[in-house]
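When reading the values below, keep in mind they use all heavy atoms of this one structure, side chains included, and skip hydrogens, waters and symmetry mates. Sequence positions, counted from 1, serve as the residue numbers for this chain.
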Amino acid sequence: MWSASGQHLQQACEKQMKFYLESIYKLDSTLQKTHNLRKLLRDIGDYEEDFYKTASVIENYLFDTRYLGNDYLELTKKDIESAIDFYNNLLKFLSLKTKDNKL
């Protein structure tokens with residue numbers, strides 16, 4: 001039940017980070033080919049370690065819930081609430097970085 005929400009939250013986080021990076025570096029085609037939230041955070045920089053750890057969990061929501069198999073991940077309401085908190089914190093983080101970079 002919650003797995004589809006996890007997929008969409010992962011994609012929303014990914015798209016927000018790509019938009020931020022593309023705004024700074026203009027269009028970088030390599031950004032289009034990654035779903036790795038940790039890589040995107042490293043490219044953005046100045047993040048807290050806990051933020052990075054949470055991103056490493058959420059980035060797996062796209063594939064682990066989408067493709068059924070031995071590693072299928074069934075998300076819970078708590079997982080989704082945590083992902084929503086991450087997304088909201090990501091928006092605040094990117095907003096502050098945008099102001100710092102005067103975009």
Side-chain angles (χ1 to χ4, degrees):
M1 175 178 166
W2 296 102
S3 295
S5 297
Q7 293 172 33
H8 295 302
L9 282 162
Q10 185 282 338
Q11 289 180 325
C13 293
E14 177 186 326
K15 301 304 181 204
Q16 288 293 336
M17 287 190 261
K18 286 180 177 181
F19 177 78
Y20 172 81
L21 288 166
E22 289 173 357
S23 296
I24 291 175
Y25 302 113
K26 303 312 170 202
L27 186 62
D28 182 353
S29 62
T30 61
L31 291 177
Q32 301 298 328
K33 299 179 183 187
T34 188
H35 301 290
N36 189 318
L37 300 183
R38 292 171 295 151
K39 179 197 179 313
L40 295 169
L41 268 179
R42 284 192 304 269
D43 290 345
I44 293 168
D46 295 327
Y47 53 84
E48 294 183 14
E49 188 63 29
D50 287 342
F51 205 54
Y52 186 82
K53 288 179 185 177
T54 304
S56 72
V57 172
I58 294 171
E59 79 181 27
N60 292 319
Y61 288 1
L62 180 63
F63 296 107
D64 290 351
T65 61
R66 187 176 206 156
Y67 302 105
L68 301 178
N70 293 337
D71 295 334
Y72 180 72
L73 178 64
E74 186 65 41
L75 298 178
T76 65
K77 181 179 179 183
K78 184 177 178 181
D79 294 327
I80 297 306
E81 289 170 346
S82 176
I84 290 170
D85 287 343
F86 176 84
Y87 180 75
N88 289 329
N89 289 329
L90 176 65
L91 293 178
K92 291 175 191 171
F93 171 70
L94 295 176
S95 176
L96 291 172
K97 299 266 310 163
T98 299
K99 288 177 185 173
D100 290 344
N101 287 312
K102 297 175 180 61
L103 296 178

Per ring-ring contact (aromatic ring centres under 6.0 Å, His included), Y47 is matched among F93, Y20, Y52 by Y52

Using 0.5 Å steps for rounding, measure from the [atom1] atom of [X] to the [atom2] atom of [Y].
X: Q11; Y: L9; atom1: CD; atom2: CG; value: 10.0 Å
X: T54; Y: E59; atom1: OG1; atom2: CD; value: 11.5 Å
X: I44; Y: M17; atom1: CD1; atom2: CE; value: 6.0 Å
X: I84; Y: C13; atom1: CD1; atom2: SG; value: 10.0 Å
X: D43; Y: K18; atom1: CG; atom2: NZ; value: 11.0 Å

For the student: nearest non-hydrogen atoms of [X] and [Y], plus distance:
X: A55; Y: L41; value: CB-CD1, 3.6 Å
X: I80; Y: G6; value: CD1-N, 3.4 Å
X: I58; Y: A83; value: CD1-CA, 3.7 Å

### Message
According to salt bridge (Lys or Arg N to Asp or Glu O under 4.0 Å), does anything in residues 46-55 pair up with another residue at least two apart or in another chain? List the pairs.
### Response
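As it turns out, the salt bridge (Lys or Arg N to Asp or Glu O under 4.0 Å) pairs with a partner in residues 46-55, which skip direct neighbours, are D46-K97.
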
* **Side chain to side chain, L40 and N36, heavy atoms closer than 4.5 Å** =>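 In short, these two side chains do not touch, never coming nearer than 4.5 Å.
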
Practice task
Just do the side chain to side chain contact (heavy atoms under 4.5 Å, CB included) check on Y61 and D79 with the steps written out, would you?
Solution key: CA-CA 10 Å; Y61 288 1; D79 294 327; 3.6 Å; yes

Could you note down all residue pairs passing side chain to side chain donor-acceptor pair (under 3.5 Å) where residues 80-95 supplies at least one of them, sequence neighbours left out?
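Of all non-adjacent pairs touching residues 80-95, those that pass side chain to side chain donor-acceptor pair (under 3.5 Å) are Q16-Y87.
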
Checklist entry - Between the side chains of E14 and Q10, is a donor N or O closer than 3.5 angstrom to an acceptor N or O? => result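 Q10 and E14 do have a side-chain donor-acceptor pair below 3.5 Å.
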
